[in-house]
Participant: 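The structure's right below; bear with me while I get my questions together.
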Amino acid sequence: MNEHVLWTEEFRPKTIEECVLPDRLKQILLGFVESGECPNLLLTGSAGIGKTTVARAIAYQLKLDFIEINGSMRGDIGTLRTEIHQFASSVSLLGNRKLVILDEADYLNQHSTQPALRNFMEEFARNCSFFLTCNYPKKIIEPLHSRCSVVEFAVRSNEMVEMGNRFTDRLISILDSHDVSYDREAVVELVVQHMPDWRRILNETQRYSVRGSIDKGILSSVDPTSFEHLLKLITSEDRAALRRWVRENETFEPSQIFSAIYDLVPRLTQHLKTSDEIIHTLANYQLGAEMDIDQRINTHSCLVKVMELANSKKEAA
């Protein structure tokens, strides 16, 4: 096997049955495959959970001609008027429906591209279906919501253990296929830290597999974020170091950073009013994280505000 091939592509499931999903969600998706129907779908959920993989799997199983366009990279109105229009307006060589997969559709312009997409859905409804994937469904205009069947990729708390076990087994079979030795406890810990972002887990595993083994020795490096260090940066008001911290930990989920800061509030300040202000700040920035394209800016801005609040009493003194 080519060691330079991304495992996320090499081991991407080709069928819905192979996907690691809650059974209730898998049954919905299998219904589309078994019926042979291909409605417009809006696949929503967190990053790395399997939305694009599912879209491709349905296309493979139904033997659909399809194109895939990333909305964050080629989501301009010109792409719709050229690539999508040319593809959707032609007839499939196999006589089947055609499919347009618009990945990261929440990056499409709400005032130009998304309204145009609505018109394409209507114009080519007899010949072509559209699958839209997104992390933030609030960024998708209502007319597109109403033209799609919405499938929400969410793993409930009572499903997490089963999903984690399934993906751990999948990960171990991948490690075996690449002759990478491993400590099962280390693999489980890696899965637990990042689930249900299956893509990130697989990328992290491939990165660590270069050493030839996955063992407990990597666990301290699996999570590079030191919140104790962040606490010191905030209380010392070292703004330059804070910026570096954000840059070095940009792969960390913003929600996890906000939760960690929430747990650190009692150590940041003993003033109840200041504590409340920090908590309100975290809540507002967490909501903003759902809408911001560059998460680093939102996270950095939040931490700067927390730094100002945490040190305000010292300055008053």
Participant: Below 4.0 angstrom, N of the basic side chain to O of the carboxylate: do E162 and R156 qualify?
Facilitator: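 No.
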Participant: Applying side-chain contact (heavy atoms from CB on, under 4.5 Å) to F130 and C148, what does each step give before you reach the verdict?
Facilitator: CA-CA 8 Å; F130 291 79; C148 298; 6.0 Å; no
Participant: Please determine if R170 and E18 form a salt bridge, counting it only when a charged side-chain N lies under 4.0 Å from a carboxylate O.
Facilitator: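 So R170 does not pair with E18 through a salt bridge.
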Participant: Identify whether the distance between the nearest side-chain nitrogen and carboxylate oxygen of D169 and R184 falls below 4.0 Å.
Facilitator: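 A salt bridge is present here (some side-chain N lies under 4.0 Å from a carboxylate O).
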Participant: With a sphere of 6.0 Å drawn around CD of E37, does it hold more than 12 non-hydrogen atoms of other residues, nucleotides or ligands?
Facilitator: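 For E37, atom CD is not crowded (no more than 12 foreign heavy atoms under 6.0 Å).
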Participant: Would you say the side-chain atoms of T281 pair up with the backbone N or O of E277, donor to acceptor, closer than 3.5 Å?
Facilitator: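 Yes, T281 side chain to E277 backbone: donor-acceptor pair under 3.5 Å.
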Participant: Might you point out which heavy atoms bring Y136 and D106 nearest each other, and give the distance in Å?
Facilitator: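 Y136 and D106 have their closest heavy atoms at N-OD2, 3.0 Å.
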Participant: Quick check: do L144 and M121 have side-chain heavy atoms less than 4.5 Å from each other?
Facilitator: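 Yes, at least one pair of side-chain atoms sits under 4.5 Å.
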Participant: Determine whether V161 and V188 fall in the same hydrophobic cluster, where Ile, Leu, Val, Met, Phe, Trp and Tyr are linked whenever their side-chain heavy atoms lie under 4.5 Å apart.
Facilitator: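 Unlinked, V161 and V188 end up in two clusters.
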Participant: Mind checking whether L233 and Y262 sit in one hydrophobic cluster, side chains of I, L, V, M, F, W, Y counted as touching below 4.5 Å?
Facilitator: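 The answer is yes; both residues are in one hydrophobic cluster.
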Participant: Check step by step if side-chain contact (heavy atoms from CB on, under 4.5 Å) holds for V151 and L25.
Facilitator: CA-CA 8 Å; V151 180; L25 179 55; 3.3 Å; yes
Participant: Do K139 side-chain atoms and L108 backbone N/O form a donor-acceptor pair below 3.5 Å?
Facilitator: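 Side chain of K139 to backbone of L108: no pair is present.
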Participant: Does R97 use its side chain to pair, donor to acceptor, with the backbone of R126 at less than 3.5 Å?
Facilitator: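 Side chain of R97 to backbone of R126: a pair is present.
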Participant: Could you please spell out the steps behind the side-chain contact (heavy atoms from CB on, under 4.5 Å) verdict for T205 and I174?
Facilitator: CA-CA 10 Å; T205 303; I174 291 172; over 6 Å; no
Participant: L42, L62: one ILVMFWY side-chain cluster at the under-4.5 Å cut-off?
Facilitator: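 L42 does not cluster with L62.
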Participant: Is a side-chain N or O of S146 found less than 3.5 angstrom from the main chain of P143, in a donor-acceptor match?
Facilitator: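 Side chain of S146 to backbone of P143, a donor-acceptor pair under 3.5 Å: yes, one is there.
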Participant: In this structure, are over 12 heavy atoms from other groups packed under 6.0 Å from K26 atom NZ?
Facilitator: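 It does: K26 NZ has more than 12 such atoms within range.
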Participant: With a 4.5 Å limit on heavy-atom distance, are the side chains of M163 and R166 in contact?
Facilitator: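 Sidechains of R166 and M163: in contact.
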Participant: Can a donor-acceptor pair be found, under 3.5 Å and without considering hydrogens, that links the side chain of N311 to the backbone of S236?
Facilitator: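 Checked: no pair found.
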Participant: Between S129 and N40, is there a side-chain heavy-atom distance shorter than 4.5 Å?
Facilitator: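 SC-SC contact between N40 and S129 confirmed.
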Participant: Is it the case that the side chain of N96 and the backbone of D65 share a donor-acceptor pair, with hydrogens and angles ignored and the cut-off at 3.5 Å?
Facilitator: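 Pair absent, no side-chain N/O of N96 close to backbone of D65.
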Participant: Any sub-3.5 Å donor-acceptor pair from N298's side-chain atoms to Y285's backbone N or O?
Facilitator: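 Yes, because the side chain of N298 sits within donor-acceptor range (under 3.5 Å) of the backbone of Y285.
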Participant: Say whether, by atom type as modelled, one donor and one acceptor occur between the side chain of S181 and the main chain of G212 under 3.5 angstrom.
Facilitator: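 Looks like yes, one N/O pair under 3.5 Å.
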Participant: For the residue pair H85 and F120, does the interplanar ring angle fall in the parallel (under 30°), tilted (30 to 60°) or perpendicular (over 60°) class?
Facilitator: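 Judged by the thresholds at 30° and 60°, the geometry between H85 and F120 is perpendicular.
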Participant: Is the backbone of F87 close enough, under 3.5 Å, to the side chain of K98 for a donor and an acceptor to pair up by distance?
Facilitator: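 Side chain of K98 to backbone of F87, a donor-acceptor pair under 3.5 Å: yes, one is there.
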Participant: Could you tell me whether the side chain of W245 reaches within less than 4.5 Å of the side chain of L303, counting heavy atoms only?
Facilitator: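 The answer is yes; the side chains approach within 4.5 Å.
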Participant: Could you tell me if the side chain of T269 sits less than 4.5 Å from the side chain of I278, heavy atoms only?
Facilitator: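 Yes - at least one pair of side-chain heavy atoms lies under 4.5 Å apart.
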Participant: Would you mind telling me which of T8, T53, L6 makes a side chain to side chain contact (heavy atoms under 4.5 Å, CB included) with R199?
Facilitator: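 Among the candidates, only T8 passes.
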Participant: Evaluate the criterion salt bridge (Lys or Arg N to Asp or Glu O under 4.0 Å) for residue pair E308 and R239; output intermediate values, then yes/no.
Facilitator: CA-CA 10 Å; E308 292 175 349; R239 293 175 181 262; 3.7 Å; yes
Participant: Answer whether the closest heavy-atom distance between the side chains of I58 and F131 falls below 4.5 Å.
Facilitator: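 Yes - at least one pair of side-chain heavy atoms lies under 4.5 Å apart.
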Participant: Would E10 and H178 count as a side-chain contact (heavy atoms from CB on, under 4.5 Å) if you check the C-alpha gap in whole Å, the side-chain angles of each, and the deciding distance to 0.1 Å?
Facilitator: CA-CA 12 Å; E10 181 180 348; H178 278 269; 3.3 Å; yes
Participant: Is the shortest heavy-atom distance from the side chain of R24 to the side chain of E159 under 4.5 Å?
Facilitator: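 They are in contact (side-chain heavy atoms under 4.5 Å apart), so the answer is yes.
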Participant: Should F153 and V54 count as side-chain neighbours, where that means a heavy-atom distance under 4.5 Å?
Facilitator: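 Sidechains of V54 and F153: in contact.
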